[in-house]
Amino acid sequence: MNRYLPVARQHFLAALASTSVVVKTISALVVLLYLLSWAVNTPYTLGVTPGYLFPPNFWVWTLVTHGVVEQHIWGVAANVGTVMACGRLLEPLWGALELLIFFAVVNVSAGLLAGLSYLLTYVATFDLDFLFAVRVHGAAGFLGGVLVALKQTMGDTTVLRVPQVRLKAAPALVLLLLALLRLSGLLNSSAPLAAYSYGTLSGWVYLRFYQRHSRGRGDMSDHFAFASFFPEALQPAVGLLAGLVHSALVKMKVCRKMVKRYDVGAPSSITISLPGTDPQDAERRRQLALKALNERLKRVEDQSAWPSMDDEEDEDEDEIRTDTQPLLSGGPTSASGVQHPESSIISFEDAPSRS
């Protein structure tokens with residue numbers, strides 16, 4: 001094990017050196033606050049405590065700081081690994097500023113929604129532990145948002161081959177894993193589960209409706225709908241419920257109705273607005289169709305074999321037989337009925353000259 005540590009350290013430092021200032025700064029804050037936690041109770045002062053988040057205490061700074069607070073070394077590894085994965089996979093597509101905005105939106109939303117949920121739970125149960133004993137902190141919320149972003153950008157990537165698991169199923173699988181750990185008692189608090197759930201939800205809402213890019217705002221493609229996070233058997237019912245909620249939010253002017261645009265890609269610069277298409281979804285379908293076509297052509301090429309030697313010999317015999325045929329048939333034959341080769345040659349003699 002010891003001989004692999006220098007190699008792992010070298011790869012880690014090389015990957016960290018190739019990232020942007022945003023990724024390096026967040027990773028440094030996670031490590032620094034972990035070292036500070038040996039002397040100070042950082043989850044209390046920098047994590048979200050529902051009883052202190054809302055008035056009269058109003059510790060609003062914890063909404064910004066709770067995502068970089070860790071108490072255990074495995075939490076530090078998970079937090080830094082999540083941020084570095086964003087730097088390698090998402091930052092080249094979005095840019096450093098958009099990555100920072102996504103980090104802030106997901107963490108603030110996850111902390112606020114989790115604190116509000118525990119406040120409502122206290123109202124229903126009058127248990128003060130839901131207000132002052134809960135500490136929401138760590139990478140769980142941002143991890144949920146990152147998995148949603150990876151589902152959007154590279155959802156068809158295969159994570160496991162046996163059993164076959166694609167990246168688009170990762171958000172639901174991690175949620176199921178955290179729920180099982182909580183039910184089994186391996187998680188001492190429900191805060192990571194709540195933070196992950198609200199981080200996933202807030203990340204999807206931001207990417208679906210509000211993220212700005214060159215094509216406008218949001219991603220209304222079919223493969224990124226809310227129902228796509230659920231098993232196929234539940235998708236029709238979830239899609240119907242999500243459509244009703246979205247329609248109600250549009251009527252309340254919380255969300256605006258999105259017009260999906262489809263770029264024909266023809267020589268003429270024509271853009272058609274259709275109700276069920278989107279450039280990202282069209283590009284994804286085009287890539288899948290091209291991949292299927294290439295695989296089909298490859299199978300056809302593999303099935304087509306070169307002509308066998310027997311076929312070549314038969315063709316040679318046919319050519320020889322054709323070459324030996326007389327140029328003209330119907331020449332004089334002998335009494336035995338055999339045609340002489342000379343009969344096929346046309347000879348010309350000089351006519352006798354007239355004196």
S.K.: Output yes when a side-chain donor or acceptor of Q235 lies under 3.5 Å from a complementary backbone atom of F226, and no otherwise.
M.R.: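 It does not hold such a pair.
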S.K.: Please check if W61 and V105 belong to a single hydrophobic cluster, counting links between Ile, Leu, Val, Met, Phe, Trp and Tyr side chain heavy atoms closer than 4.5 Å.
M.R.: yes
S.K.: If you define the side chain from C-beta out and look only at heavy atoms, does anything of L173 sit under 4.5 Å from L177?
M.R.: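 Result no, sub-4.5 Å side-chain heavy-atom pair not found.
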S.K.: Does the pair W94 and Q211 meet the rule for a side chain to side chain contact (heavy atoms under 4.5 Å, CB included), with working shown?
M.R.: CA-CA 10 Å; W94 295 350; Q211 186 187 39; 3.4 Å; yes
S.K.: Are V146 and V83 side-chain neighbours, meaning at least one heavy-atom pair lies under 4.5 Å?
M.R.: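 SC-SC contact between V146 and V83 ruled out.
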S.K.: Using every non-hydrogen atom in the two residues, find where S27 and M84 come nearest and quote the distance to one decimal.
M.R.: OG-CG, 4.5 Å
S.K.: Keeping the roles fixed (side chain from Y206, backbone from I101), state whether a donor-acceptor pair exists under 3.5 Å.
M.R.: no
S.K.: Measure across A191 and V134 and return the closest heavy-atom pair with its distance rounded to 0.1 Å.
M.R.: CB-CG1, 4.2 Å
S.K.: Short question: side chain of D127, backbone of D129 - any donor-acceptor pair under 3.5 Å?
M.R.: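 Between the backbone of D129 and the side chain of D127 there is a qualifying donor-acceptor contact (under 3.5 Å).
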S.K.: Before we go on, tell me: are the rings of Y52 and F58 under 6.0 Å apart, centre to centre?
M.R.: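 Centroid distance Y52-F58: not below 6.0 Å, so no.
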S.K.: Can you tell if the side chain of L175 reaches within under 4.5 Å of the side chain of F229, non-hydrogen atoms only?
M.R.: no
S.K.: Is there side-chain contact between L89 and T153, with heavy atoms separated by less than 4.5 Å?
M.R.: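 No - every pair of side-chain heavy atoms lies 4.5 Å or more apart.
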S.K.: How many angstroms lie between atom CZ of R166 and atom OG1 of T157, to the nearest 0.5 angstrom?
M.R.: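 That separation rounds to 8.5 Å.
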S.K.: Can you see which heavy atom on L178 is nearest to which on L187, and at what distance?
M.R.: O-CD1, 3.8 Å
S.K.: Less than 4.5 Å apart, side chain to side chain, heavy atoms only: is that true for Y196 and P171?
M.R.: yes
S.K.: Same cluster or not: L176 versus L147, using hydrophobic residues (I, L, V, M, F, W, Y) connected whenever any side-chain heavy atoms lie under 4.5 Å apart?
M.R.: no
S.K.: Counting N and O atoms only, with roles assigned by atom type, does the side chain of S228 sit under 3.5 Å from a partner on the main chain of A225, one being a donor and the other an acceptor?
M.R.: yes
S.K.: Looking at R182 and N188, would you say the former's side chain and the latter's main chain have a donor-acceptor pair under 3.5 Å?
M.R.: yes
S.K.: In Å and rounded to the nearest 0.5 Å, what is the CZ to NE2 distance from R135 to H66?
M.R.: 14.0 Å
S.K.: Check whether any side-chain heavy atom of L201 lies under 4.5 Å from a side-chain heavy atom of S197, and answer yes or no.
M.R.: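 L201 does not reach S197 side chain to side chain.
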S.K.: For residues L119 and V60: do they belong to one hydrophobic cluster (side chain heavy atoms under 4.5 Å, members Ile, Leu, Val, Met, Phe, Trp, Tyr)?
M.R.: no
S.K.: Between N79 (side chain only) and G67 (backbone N and O only), is there a donor and an acceptor less than 3.5 Å apart?
M.R.: yes
S.K.: Is any side-chain heavy atom of F102 closer than 4.5 Å to one of L207?
M.R.: yes
S.K.: Do we see a donor-acceptor contact under 3.5 Å between the side chains of S190 and Y118?
M.R.: yes
S.K.: Using side-chain heavy atoms (C-beta onward) and a distance below 4.5 Å, is E91 in contact with S20?
M.R.: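 In short, these two side chains touch, coming nearer than 4.5 Å.
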S.K.: Please answer: with hydrophobic residues joined when any side-chain heavy atoms are less than 4.5 Å apart, are L97 and V22 in the same cluster?
M.R.: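 Yes: a chain of side-chain contacts under 4.5 Å links L97 to V22.
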S.K.: In a check of side-chain contact (heavy atoms from CB on, under 4.5 Å) between V76 and each of L35, L33, V30, which one passes?
M.R.: V30
S.K.: Is there a donor-acceptor pair under 3.5 Å between the side chain of W59 and the backbone N or O of T45?
M.R.: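 Here the side-chain-to-backbone pair does not exist.
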S.K.: For L46, does its backbone N or O pair with a side-chain atom of T62 as donor and acceptor, under 3.5 Å?
M.R.: no
S.K.: How many angstroms lie between atom CG of L112 and atom CG of L53, to the nearest 0.5 angstrom?
M.R.: 6.5 Å
S.K.: To the closest 0.5 Å, what do you measure between OG1 (T49) and CG (N57)?
M.R.: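 Between atom OG1 of T49 and atom CG of N57 there are 9.5 Å.
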S.K.: Give a yes or no answer on whether the side chain of S109 reaches the backbone of V106 with a donor-acceptor pair at less than 3.5 Å.
M.R.: no
S.K.: Do F209 and H246 make the cut of ring centroids closer than 6.0 angstrom?
M.R.: yes
S.K.: For F54 and L116, what are the C-alpha separation, side-chain angles and deciding distance, and is it a side chain to side chain contact (heavy atoms under 4.5 Å, CB included)?
M.R.: CA-CA 9 Å; F54 302 101; L116 183 61; 4.1 Å; yes
S.K.: The test is side chain to side chain contact (heavy atoms under 4.5 Å, CB included); show your working for L150 and L90 and say whether it passes.
M.R.: CA-CA 8 Å; L150 293 179; L90 298 178; 3.9 Å; yes
S.K.: Quick check: closest heavy atoms across G144 and T200, and the distance to 0.1 Å?
M.R.: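 Reported closest heavy-atom pair: CA-OG1, 3.3 Å.
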S.K.: So, is the end of the K151 side chain (NZ or CZ) under 6.0 Å from the ring centre of F224 and within 45° of the ring's axis?
M.R.: no
S.K.: Please give me the minimum heavy-atom distance between H137 and V69, naming the atom from each residue.
M.R.: ND1-O, 3.1 Å
S.K.: For F103 versus V68, what's the shortest heavy-atom pair and its separation?
M.R.: CZ-CG1, 4.0 Å
S.K.: Ignoring hydrogens and geometry, is there a side-chain-to-backbone donor-acceptor pair from Y122 to S117 under 3.5 Å?
M.R.: no
S.K.: Under 4.5 Å between side-chain heavy atoms, counting indirect links through other Ile/Leu/Val/Met/Phe/Trp/Tyr residues: same cluster for V40 and V31 or not?
M.R.: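 Looking at the clustering, V31 is in the same group as V40.
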